[in-house]
Amino acid sequence: MHYSKPANGLTPEVKRVAFVTVFGAIASMLDSTVVNVAVHSLSVNLHSDLGTVQWVLTGYLLALAAVIPVTGWAARRVGDKTLYLSTLALFTVGSVLCASAHTVGQLTAFRIVQGLGGGMLLPAGQIMLTKLAGPQNMPRVMAIVGVPAVLTPVLGPTIGGLLLDGPGWRWIFLINVPICAISLILGLRLLPADTRADAGRFDYLGLVLASTGLVALTYGLTQIGTRDSGSRTVWILVAGGALMALFVIRALRIDYPLLDMRLYRNPVFGAASLAIFCLGGAMYGAMILMPLYFQTVRGESAFATGLLLIPGGVGAAAAMWMGGRFTERWGGGVVATVGAVVAIVTTLPFVAMTDRSSYAYLLIAMGVRGLAVGLSIMPAMSAAYQALRNDEINDATPQLNVLQRVGGSIGTAIVAVALQHQLTHGGHSTHAVAAGFGVTFWWVVGISVVAAAAAIGLAAVERIARRHEHRDTERDSSPRPKDGDQALPSTATPVSDHMAQQ
């Protein structure tokens with residue numbers, strides 16, 4: 001946890017592995033955002049109502065949530081490289097099957113196959129990179145790993161609009177095939193050989209509790225704010241929370257749990273995990289608003305909306321590069337705090353947004369807020385990894401991914417419910433709808449304040465940990481008295497003063 005010296009830098013091998021894993025992750029994350037803009041087209045082409053087609057999205061999310069907890073055990077059992085290539089191949093097969101679907105039922109089933117592969121794809125790549133780069137280089141590694149999260153919200157709607165207006169909806173899945181094929185070839189040639197470890201007995205009961213709990217939470221959060229939400233959704237969320245609580249209690253009591261909950265006893269890792277959860281809610285929750293604003297208030301197409309979102313992606317990409325170096329110097333907590341505070345400030349212009357707001361004004365605000373996104377979650381992720389030993393990475397990576405996803409889902413659900421309330425009760429004129437978006441951004445400000453508080457807590461815990469580390473280093477490096485020498489006095493009085501008192 002020492003930040004006064006720069007990191008050693010990434011070796012060529014780490015850079016090669018980073019390129020391969022990020023290339024594959026882009027396909028997985030891009031597919032999710034591309035499909036989001038294709039719901040109406042799928043409904044028309046597959047002759048189904050929107051409620052049924054929504055399961056194409058929901059099934060994918062549920063499969064992602066169900067499979068993530070298995071990542072750590074699977075990486076130890078079969079090896080990092082084998083796991084990554086296997087999940088990439090499964091995602092590719094799922095993409096081909098989705099493109100060949102003729103009914104919504106088939107498409108939903110094939111999307112679940114995609115999700116089973118895509119859920120472990122990014123965590124498996126992160127496990128490989130973290131072990132290979134070492135903790136001192138985690139800020140720079142996280143800056144690279146964050147590239148898909150920055151690019152896909154920008155490129156997804158744009159590419160989706162082009163494909164839907166051009167060759168048709170099947171190509172939103174077929175576009176994955178060449179990307180994944182290239183990534184598979186590169187992975188076979190460039191990824192390091194597998195390093196297996198003792199995976200222990202597989203925790204089947206833990207898998208049932210964790211997967212069912214995460215699926216229930218994910219499904220419940222996706223239903224908040226919909227017409228079908230109500231007491232049933234509340235009970236699903238309560239059941240999901242109870243199952244996850246049982247999983248945590250059990251994991252603390254057995255020797256080989258599916259996920260090691262004892263990691264949270266490390267104060268830095270615990271604080272970083274809380275910050276990642278809160279920052280995920282603040283950053284990803286707000287991402288649904290501007291695309292909807294451009295399309296519903298300003299009448300822009302999906303393709304034009306994607307182009308208008310580019311400044312946010314450019315800002316985030318620039319901050320990813322800067323954030324890694326800032327984290328090496330000042331620590332993840334400090335940088336994440338700066339990012340969260342900037343997010344609060346740069347959200348305020350959207351509160352005053354109207355149906356006639358200048359595009360230049362909005363694009364500049366989006367670009368600066370993109371900087372805040374890049375300066376928040378990844379530095380917190382770096383802080384979490386730097387607090388770990390190498391043998392703890394397999395367990396930590398899926399947990400951090402789950403926290404970020406669930407935090408983002410909760411933030412999205414809160415924002416969606418707030419927006420729905422505004423649009424229902426605030427009038428139907430263009431001016432009233434725009435005002436509803438502005439009021440909803442106050443919720444984004446509130447979530448960002450909570451995230452900033454969590455980041456401040458992480459910075460404080462990091463500072464205490466560094467102080468203890470510095471104190472231990474000084475104690476270890478202090479000269480030991482030689483045999484026959486009289487030990488120095490144990491009081492705090494300087495030696496010269498002590499001698500003068502004799």
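No hydrogens, no waters, no symmetry mates; every other heavy atom, side chains included, goes into these values.
In this structure, Leu129 CG and Lys15 NZ are separated by 13.0 Å, a value rounded to the nearest 0.5 Å. The line from SG of Cys180 to CD1 of Ile26 is 11.0 Å long, rounded to the nearest 0.5 Å. Within the model, atoms CG of Asp80 and NZ of Lys131 stand 4.0 Å from one another, a figure rounded to the nearest 0.5 Å. Distance CE/Met353 to CG/Leu348: 12.5 Å, rounded to 0.5 Å. The OG atom of Ser183 lies 8.5 Å from the CZ atom of Phe19; values are rounded to the nearest 0.5 Å. Remark: Leu121 CG to Leu85 CG distance equals 9.5 Å, nearest 0.5 Å.
Look at Glu13 and Arg16 and you find no salt bridge, because none of the NZ, NE, NH1 or NH2 atoms lies under 4.0 Å from a carboxylate O.
Considering every non-hydrogen atom in both Gly370 and Ala319, the closest pair reads O-CB, 4.5 Å. In this structure, Arg262 and Leu252 approach most closely via the heavy-atom pair NH2-O, 3.2 Å. Taking both residues in full, the closest heavy atoms of Pro379 and Val335 are given as CG-CG1, 3.7 Å, listed atom of the first, atom of the second, then distance. Annotation for Ala75 and Asn394: closest pair CB-ND2, 3.7 Å, computed over non-hydrogen atoms. In plain terms, the two heavy atoms of Pro398 and Thr71 that are nearest each other are CB-CB, 4.3 Å. When all heavy atoms are compared, the tightest approach of Val268 to Ala465 is CG2-CB, 3.7 Å.
A donor-acceptor contact closer than 3.5 angstrom is absent between the side chains of Asp260 and Gln399. Side-chain N/O atoms of Tyr219 and Thr233 include no donor and acceptor closer than 3.5 Å.
A perpendicular orientation is assigned to the rings of Trp73 and Phe202, their planes being inclined by more than 60° (bins at 30° and 60°).
No side-chain heavy atom of Met381 sits less than 4.5 Å from a side-chain heavy atom of Gln386. Leu190 places none of its side-chain heavy atoms less than 4.5 Å from the side chain of Lys81. Ile112 is not listed as a side-chain neighbour of Tyr60, based on a closest heavy-atom distance of 4.5 Å or more. Leu362 places none of its side-chain heavy atoms less than 4.5 Å from the side chain of Leu308. The shortest distance between side-chain heavy atoms of Val215 and Thr218 does not fall below 4.5 Å. Contact annotation: the side chain of Val415 approaches that of Ile447 to within less than 4.5 Å [non-hydrogen atoms, C-beta and beyond]. Residues Ser86 and Met120 fail the side-chain proximity criterion, which asks for heavy atoms closer than 4.5 Å. Residues Phe247 and Leu258 meet the side-chain proximity criterion, which asks for heavy atoms closer than 4.5 Å.
At distances below 3.5 Å, at least one donor-acceptor pair connects side-chain atoms of Thr92 with backbone N or O atoms of Leu88. A distance-only check finds no donor-acceptor pair linking the side chain of Arg369 to the backbone of Gly312 [under 3.5 Å]. For the pair Thr87 (side chain) and Tyr84 (backbone), a donor-acceptor distance under 3.5 Å is present. A donor-acceptor pair under 3.5 Å is formed between the side chain of Glu462 and the backbone N or O of Gly333. Counting only distance, with no hydrogens or angles, the side chain of Ser211 and the backbone of Val208 share no donor-acceptor pair below 3.5 Å. Proximity of a side-chain donor or acceptor of Tyr361 to a complementary backbone N or O of Pro349 within less than 3.5 Å is detected.
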For this session: Could you walk me through whether Leu458 and Thr337 pass the side-chain contact (heavy atoms from CB on, under 4.5 Å) test, one step at a time?
Result: CA-CA 9 Å; Leu458 170 60; Thr337 299; over 6 Å; no

For this session: Given side-chain contact (heavy atoms from CB on, under 4.5 Å), test Phe269 with Ser273 step by step and report yes or no.
Result: CA-CA 6 Å; Phe269 182 81; Ser273 299; 3.5 Å; yes

Problem set entry | Val406 vs Leu214, side-chain contact (heavy atoms from CB on, under 4.5 Å): CA-CA, chis, key distance, verdict | CA-CA 9 Å; Val406 174; Leu214 284 174; 4.2 Å; yes

Problem set entry | Residues Asn266, Glu392; criterion side chain to side chain donor-acceptor pair (under 3.5 Å); working and verdict | CA-CA 11 Å; Asn266 182 320; Glu392 296 172 325; 5.6 Å; no

For this session: Give the C-alpha distance, both sets of side-chain angles, the deciding distance and a yes or no for side-chain contact (heavy atoms from CB on, under 4.5 Å) between Leu292 and Leu419.
Result: CA-CA 10 Å; Leu292 288 173; Leu419 178 62; 3.9 Å; yes

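Applying the salt bridge (Lys or Arg N to Asp or Glu O under 4.0 Å) definition to pairs two or more places apart or across chains, none involves residues 64-73.
Looking at residues two or more places apart in sequence or on another chain, you find a salt bridge (charged side-chain N to carboxylate O under 4.0 Å, His left out) between Arg250 and Asp203. Not counting sequence neighbours, the partners of Phe437 by the ring-ring contact (aromatic ring centres under 6.0 Å, His included) test are Tyr293.
For Arg463, the CZ atom is loosely surrounded, since the number of other residues' heavy atoms within 6.0 Å does not exceed 12.
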